[in-house]
Structure formats: C-alpha cells, structure tokens
**Q** 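Mind having a look at this structure? Questions to follow.
Computed from a predicted structure; not experimentally measured.
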Amino acid sequence: MRHHAVLIVAGDPLASALLGAAVEQAGCVPHFPQPGEAPRAALRRMRPRLVLVSCDHPEACSDAFIGPALMTGAAVLVIQTRDASSETRDVVERLDLTVVDLSTDTEALARCLRALDED
C-alpha cells in the first residue's frame with residue numbers, strides 16, 4: 001500500500017489518537033490540524049487523499065469544511081458519534097457521504113483505507 005496522507009479532524013484528542021493509530025496500521029500517514037489551526041487551513045496545507053471527520057467536531061462536520069474537502073478531490077469519511085446532530089445527518093445525506101460507526105464495524109475504516117489504492 002502506498003503511504004497516502006489522511007487528515008483526521010476530531011473534537012476529542014483521544015479519538016484523534018485512536019484514529020491516527022488505525023490509519024498507521026493500515027499503512028497510511030495520519031495528519032492532524034496543528035494547535036490552533038482551523039480544519040480548512042489544515043486541508044489547504046495538507047491536500048490529503050482522505051479526510052476523516054468525526055461528527056463531534058462541529059466546524060469540520062459541516063458544509064463549510066466538507067464541501068471544500070470534496071472539491072480538492074479528497075474522499076471524506078464521516079466517523080459516527082453518539083451525539084450526531086440533525087444538521088450533521090442533513091450534511092451527510094445531502095452530500096452522499098460514507099458514514100462509519102466504528103463501535104459496530106471495526107473493519108470499516110481499514111476497508112476504506114485499502115480502497116484508496118484501488119482508485
């Protein structure tokens with residue numbers, strides 16, 4: 001597997017670290033916004049192949065971030081949380097995004113990362 005850049009945006013530092021470990025395990029390179037850096041600025045800086053967005057990050061789980069991410073050609077994968085708002089569900093449905101609930105499908109993230117090499 002090639003070492004694709006994956007931008008991880010989550011509101012919870014522990015969730016970010018766990019997602020980063022899963023990304024590394026799959027042979028990709030995890031990247032995160034720098035301290036104080038807005039998700040859109042990280043997107044412009046990184047130009048990742050895949051963006052993992054946790055629903056617990058209100059700025060990132062929105063049209064204002066996901067739209068530009070999709071326009072860069074990145075795939076966007078939304079990580080489901082218990083607290084997903086109706087606005088988040090609306091964005092996901094409208095943009096036809098893939099949503100993964102890692103509490104019920106632990107292999108879903110690995111499948112998505114492997115699919116990067118198939119594109």
**Q** Measuring only between side-chain heavy atoms, which start at C-beta, is Pro48 closer than 4.5 Å to Leu43?
**A** yes
**Q** Can you tell me which residue pairs pass the salt bridge (charged side-chain N to carboxylate O under 4.0 Å, His left out) test with a partner in residues 16-37, sequence neighbours excluded?
**A** Glu37-Arg45
**Q** List the steps, then state whether side-chain contact (heavy atoms from CB on, under 4.5 Å) holds for Ile79 with Val53.
**A** CA-CA 6 Å; Ile79 306 300; Val53 178; over 6 Å; no
**Q** Please name the pair of heavy atoms, one in Ala64 and one in Arg40, separated by the smallest distance, quoted to 0.1 Å.
**A** O-CD, 3.1 Å
**Q** Are Val6 and Val29 packed together at the side-chain level, in the sense that at least one heavy-atom pair is separated by less than 4.5 angstrom?
**A** no
**Q** Measure the CD-CE distance between Gln34 and Met46 for me, rounded to the nearest 0.5 Å.
**A** 9.5 Å
**Q** Looking only at heavy atoms, which two atoms of Ser54 and Ala10 are closest? And how far apart?
**A** CB-CB, 3.6 Å
**Q** Are the side chains of Leu50 and Leu7 in contact, using a 4.5 Å heavy-atom criterion?
**A** no
**Q** Kindly indicate whether the side chain of Thr98, heavy atoms from C-beta on, has any atom under 4.5 Å from the side chain of Val78.
**A** no
**Q** Following the transitive rule for hydrophobic clusters with a side-chain heavy-atom cut-off under 4.5 Å over Ile, Leu, Val, Met, Phe, Trp and Tyr, establish whether Val99 and Leu95 coincide in one cluster.
**A** yes
**Q** Tell me, which pairs form a salt bridge (charged side-chain N to carboxylate O under 4.0 Å, His left out) where one or both residues lie in residues 63-80, sequence neighbours left out?
**A** Asp63-Arg94
**Q** For residues 66-74, which side-chain donor-acceptor pairs fall under 3.5 Å, sequence neighbours excluded?
**A**
{"residue": "Thr72", "atom": "OG1", "partner": "Ala69", "partner atom": "O", "Å": "2.6"}
{"residue": "Thr72", "atom": "OG1", "partner": "Ala74", "partner atom": "N", "Å": "3.4"}

**Q** Would you say Val51 and Leu77 make side-chain contact, with heavy atoms under 4.5 Å?
**A** no
**Q** In the structure I gave you, are the side-chain heavy atoms of Phe32 and Val9 within less than 4.5 Å of one another anywhere?
**A** no
